[in-house]
Amino acid sequence: MNSDILKNSISKLKEEKDAIVLAHYYVDGDVQEIADFVGDSYYLSQKALESDNKIIVFCGVHFMAESAKILSPHKTVLMPDSSADCPMAHMVTPKEIKKAREDYDDLAVVCYINSTAQIKALSDVCVTSANAVNIVKNLKEENIFFIPDKNLGQYVASQVPDKNIFSNDGCCPVHNILTKNCINEAIASNPDALVLAHPECSFDILEMADFIGSTTSIIEYVSSSKHNSFIICTEVGILHQLNKEGKNKNFHLFNEQQVCQDMKKITLEKVYNSLVSLEPEIHVNNDISLKAKTALEMMHKLA
Ligand code: 13P
Ligand code: SF4
């Protein structure tokens, strides 16, 4: 089927089956185009919670669909390719959480939403890149074990200096690969460009950035900026929306490695197949789901 036929068929199936399609900015542009809502992790998790459709088709990686299922257990949550997974979600262990809880009495375990349900179930509150600083600032605990992204953890620590914030050794391989050298080269070739960075980048990069924020905040920044040239320190999929919002603006990426291969596993054809077969469906163990829900709901309450 060509992509126009696929898009039409998806749109009919969505209506027939009472399904809503949610897509992250890192999936391919043609998948973003058939989505009912496109956004950052926080926005998508809000939409999953608010929607009254029977079916949610999540075009993103596993932790996103899993979080939607945890927040709305009565809904059918489909993932067009259930092998699309975020490597960082698996970079912290229950043992590390247990050890931190033993080491500190006054401790909050703050878990980036990019984590497995099992890890969320052991945490006090979830956060996303859009709300991590505010949520951590408002926690009563002084010691914060921020998991599983040491880069976002270090960024939050720089914004909330009065707390003792420490992390495990995890990071996003797509963002962590960006080096000071690549940014310096990009600045040398585009001296008028502003550097916009996602807080999953390493702290050296964040120190060079003119703006730091979630995918949505980066897009909003470009839309309202008078500048017309930007060095983009995040995943390539964001360009689809940036090119729409920032017509006549120039965006510079570094290399072919700014690609999240897992996000790219979601294709139009798989979205179509998933709506036809109502598979693969996401299931979460009941006990884990109930505990993880508390941490996710706490995020929605505090954000
Ligand atoms: P946000 O879209 O929430 O900024 O997150 C980026 C990301 O890496 C999602 O996996
Ligand atoms: Fe995970 Fe990084 Fe891909 Fe986001 S971009 S899903 S954090 S690997």
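Hydrogens, waters and symmetry mates are skipped; everything else that's a heavy atom, side chains included, is used.
Counting non-hydrogen atoms of neighbouring residues, nucleotides and ligands closer than 6.0 angstrom, the NZ atom of Lys163 exceeds 12 such neighbours. Open room surrounds OH on Tyr272; 12 or fewer heavy atoms of other groups in view lie less than 6.0 Å from it. For CG of Asp105, the number of neighbouring non-hydrogen atoms (other residues, nucleotides, ligands) closer than 6.0 Å is 12 at most.
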Inset, instruction - Kindly determine whether Phe145 and Leu107 satisfy side-chain contact (heavy atoms from CB on, under 4.5 Å), including the steps that lead there. - result: CA-CA 7 Å; Phe145 187 31; Leu107 179 85; 4.1 Å; yes

Legend entry - Test ring pair (Phe, Tyr, Trp, His ring centres under 6.0 Å) applied to Phe146 and Phe166, step by step: CA-CA 6 Å; Phe146 191 99; Phe166 56 100; over 10 Å; no

Legend entry - From CA spacing to verdict: side-chain contact (heavy atoms from CB on, under 4.5 Å), Ile266, Val271: CA-CA 7 Å; Ile266 310 296; Val271 175; 4.1 Å; yes

Inset, instruction - Give the C-alpha distance, both sets of side-chain angles, the deciding distance and a yes or no for salt bridge (charged side-chain N to carboxylate O under 4.0 Å, His left out) between Lys270 and Asp81. - result: CA-CA 7 Å; Lys270 289 180 193 169; Asp81 184 330; 2.8 Å; yes

Inset, instruction - Could you check Val57 against Ile20 for side-chain contact (heavy atoms from CB on, under 4.5 Å), going step by step and ending with a plain yes or no? - result: CA-CA 6 Å; Val57 182; Ile20 187 177; over 6 Å; no

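Proximity of the aromatic rings of Tyr155 and Phe203 is defined here by a centroid distance below 6.0 angstrom, and this criterion is not met. Note: His24 and Phe58 fail the aromatic proximity criterion, with ring centroids not under 6.0 Å apart.
To the nearest 0.5 angstrom, Leu22 atom CG is 9.0 Å from Asn53 atom CG. Interatomic distance, Gln32 CD to Tyr25 OH, rounded to the nearest 0.5 Å: 8.0 Å. Atom OG1 of Thr234 is separated from atom CD1 of Ile212 by 12.5 Å, given to the nearest 0.5 angstrom. Here the straight-line distance linking atom NE2 of His90 with atom CD of Gln118 works out to 10.5 Å at 0.5 Å rounding.
Looking at heavy atoms from C-beta onward, Leu13 lies in side-chain contact with Val276 at the 4.5 angstrom threshold. Between Asn8 and Leu6, every side-chain heavy-atom pair lies at or beyond the 4.5 Å cut-off.
Distance alone, capped at 3.5 Å, is enough to place a donor-acceptor pair between the Asn138 side chain and the Asn134 backbone.
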